[in-house]
Amino acid sequence: MKLLVVGGGGREHAIIKKLKENPEVEKIFALPGNGGIAADAECVPIGAKDIPAIVAFAVEQQVDYAVVAPDDPLVLGAVDALNEKGVPCFGPTAAAAQIEGSKVFAKDLMKKYGIPTAAYESFDDAAAALRYLDTAEMPIVVKADGLALGKGVIIAQTREEARQAVISMMEEGMFGQSGSRVVIEEFLTGPEVSVLSFTDGETVVPMVSSMDHKRARDNDQGLNTGGMGTVAPNPYYTEAIAAQCMEEIFLPTIRAMKAEGRPFRGCLYFGLMLTPKGPKVIEYNCRFGDPETQVVLPLLESDLLTVMRSTTEGTLAQTEVKFSDKSACCVILASEGYPQKYQSGFEMTIAPEALPHAFVAGAKLADGKLLTSGGRVIGLTAVEDTLPQAIDRAYTLTGMVHFENAYCRRDIGARAMKAFKEA
Ligand code: AMP
Ligand code: GLY
């Protein structure tokens with residue numbers, strides 16, 4: 001079988017390594033992939049948003065199955081375009097990807113179908129948004145409607161900060177078109193849990209839960225990043241909470257999307273907050289999360305390709321999806337300065353022992369050497385019997401990777417350990 005994976009980060013590397021475990025897979029193309037992914041797939045310099053070129057390549061190479069991993073091409077209709085040419089594909093259509101592509105769409109869907117989420121108002125007029133803020137309670141959360149590279153959410157402690165967020169999004173065009181509409185919502189509190197799920201539009205199978213670490217620095221200080229590390233499972237996500245989420249959130253969402261004529265197939269990511277009033281949806285993503293995927297897929301014991309194809313073919317209910325009961329920890333090595341200004345182009349070495357655990361996010365190949373090329377450079381994942389062992393081993397693995405200006409958080413998993421002790 002010939003496969004094609006669209007994207008080029010740590011998530012895609014984790015997907016590709018898992019797909020390769022299937023002996024029927026002869027070849028994987030990564031579009032565009034990266035210098036680290038090149039060890040596991042043939043990288044083709046086609047951008048993840050260049051849908052006509054992706055489709056032309058898939059047709060020319062007669063690929064048997066495609067996986068579209070990032071949000072942008074999904075929202076832009078990559079799956080629709082591939083399907084039109086007869087290429088079967090993992091991921092939602094553009095209509096279904098709106099669940100991430102538009103926060104207004106997602107919030108209105110939850111309101112209509114009674115799915116628990118933060119109370120909110122949406123605005124397409126800055127003056128009305130500002131008037132609303134005059135009497136709203138602080139803190140409050142201001143969100144750009146569209147995709148904004150994970151930066152479109154501002155938690156405002158004061159009225160002035162909230163006003164500034166509205167002005168920069170709606171009047172100064174900080175996120176372009178994505179900020180022309182905003183959602184202003186209630187500030188919630190509680191532990192956060194990421195639950196990725198497989199769904200074929202009828203059946204939904206949650207994967208093992210995970211915990212992201214979004215801030216750049218230890219103790220959740222510093223700026224928001226794409227994620228500096230993850231652990232799985234998430235100790236806050238008990239069996240009782242999982243059952244409640246299935247009844248109140250997962251199944252209602254899948255049914256709602258079907259009822260709206262936008263059946264969701266692929267990976268639906270539920271970003272949850274376990275509030276004192278029960279689990280609520282903070283956000284939906286129409287794709288695998290990164291770096292969540294780097295802990296979740298190493299724990300998957302079933303064949304990923306079989307599971308993915310069952311979501312396309314509508315046979316998920318008859319397909320086994322089994323996860324290990326071990327624990328996983330992923331620590332991201334980033335370029336010092338990320339998520340703001342950072343230098344790259346430094347040579348990276350990875351000890352052979354760490355290679356099977358390494359998911360490369362930002363590196364390119366030059367004369368046979370790996371050079372850093374991004375903010376997040378590499379994720380190192382350990383799977384062990386217990387969480388403390390996994391954390392320990394993941395940090396040992398980071399010591400086997402070298403490049404100038406590398407930094408990582410030293411406390412990935414610490415919050416999860418604390419939760420275990422409290423329980
Ligand atoms: P996002 O960019 O959608 O992943 O959101 C970034 C982060 O903002 C989330 O992981 C939460 O920590 C936080 N957040 C989003 N919405 C809320 C909310 N209504 N209340 C409190 N925190 C929130
Ligand atoms: N780690 C959060 C995300 O992928 O959006």
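Numbering of ligands and ligand atoms starts at 1, following listing order. Sequence positions, counted from 1, serve as the residue numbers for this chain. A quick note: this is a predicted structure, and the numbers were derived from the prediction, not measured.
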Report task. Could you tell me whether some N/O pair between Lys143 and ligand 1 is separated by less than 3.5 angstrom? Result -> yes
Query raised in the report: Just distances here: any N/O of Lys214 and N/O of ligand 1 closer than 3.5 Å?
Result: yes
Query raised in the report: Is the closest side-chain heavy-atom distance between Thr199 and Thr311 below 4.5 Å?
Result: no
Requested in this report: Compare all side-chain heavy atoms of Leu299 with those of Lys326 and state whether any distance is below 4.5 angstrom.
Outcome: yes
Give the residue and atom name of whichever protein heavy atom lies nearest to [atom], and the separation in Å to one decimal.
atom: atom 13 (C) of ligand 1; result: Ile155 CD1, 3.7 Å
atom: atom 5 (O) of ligand 2; result: Arg287 NH2, 3.0 Å
atom: atom 21 (C) of ligand 1; result: Leu188 O, 3.1 Å
atom: atom 9 (C) of ligand 1; result: Glu192 OE1, 3.6 Å
atom: atom 4 (O) of ligand 2; result: Asp290 N, 2.9 Å

Between ligand 2 and [X], can you find any atom pair, the residue atom being a heavy atom, that is separated by under 4.0 Å?
X: Arg11; result: no
X: Gly226; result: yes
X: Phe288; result: no

Does the side chain of [X] come under 3.5 Å of the side chain of [Y] through a donor N or O and an acceptor N or O?
X: Ser210; Y: Glu292; value: no
X: Thr312; Y: Tyr65; value: yes
X: Asp145; Y: Ser102; value: yes

Requested in this report: Report the part of Val153 (side chain from C-beta onward, or backbone N, CA, C, O) that has a heavy atom under 4.0 Å from ligand 1; answer both or neither where that applies.
Outcome: side chain
Query raised in the report: Roughly how far apart are Phe123 CZ and Leu130 CG, rounded to 0.5 Å?
Result: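 Phe123 CZ to Leu130 CG: 9.5 Å, rounded to 0.5 Å.
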Query raised in the report: Rounded to the nearest 0.5 Å, how far apart are OG1 of Thr319 and CZ of Phe198?
Result: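 Output value for this atom pair is 10.5 Å.
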Query raised in the report: Crowded around Glu313 CD? As in, over 12 foreign heavy atoms under 6.0 Å?
Result: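 Yes.
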Query raised in the report: Which option, Glu100, Lys103, Glu185, Glu283, owns the non-hydrogen atom nearest atom 19 (N) of ligand 1?
Result: Glu185
Report task. May I ask you to say whether Arg409 pairs ionically with Asp220, meaning some side-chain N is under 4.0 Å from a carboxylate O? Result ->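 Looking at Arg409 and Asp220, the cut-off is met.
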Query raised in the report: Does atom 17 (C) of ligand 1 have a protein non-hydrogen atom under 4.0 Å from it?
Result: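 Yes, at least one protein heavy atom sits under 4.0 Å from atom 17 (C) of ligand 1.
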**Report entry** Heavy-atom pair with the smallest gap, counting every atom of Glu100 and Asp71
**Finding:** OE2-OD2, 3.4 Å
Query raised in the report: Any N or O on Asp212 sitting closer than 3.5 Å to an N or O of ligand 2?
Result: yes
Relative to the heavy atoms of [X], which atoms of ligand 1 are at a distance of less than 4.0 Å?
X: Phe187; answer: 20 (N), 21 (C)
X: Val141; answer: 16 (N), 17 (C), 18 (C), 19 (N), 20 (N)
X: Ile282; answer: 15 (C), 16 (N), 17 (C), 18 (C), 23 (C)

Relative to the heavy atoms of [X], which atoms of ligand 2 are at a distance of less than 4.0 Å?
X: Gly289; result: 4 (O)
X: Tyr269; result: 2 (C)
X: Asn285; result: 3 (C), 5 (O)

Query raised in the report: Would you say the ring centroid of Phe270 lies under 6.0 angstrom from that of Tyr284?
Result: yes
**Report entry** side-chain hydrogen bond (donor to acceptor under 3.5 Å, both in side chains) between Asn405 and Tyr338, intermediate numbers included
**Finding:** CA-CA 10 Å; Asn405 86 338; Tyr338 170 76; over 6 Å; no
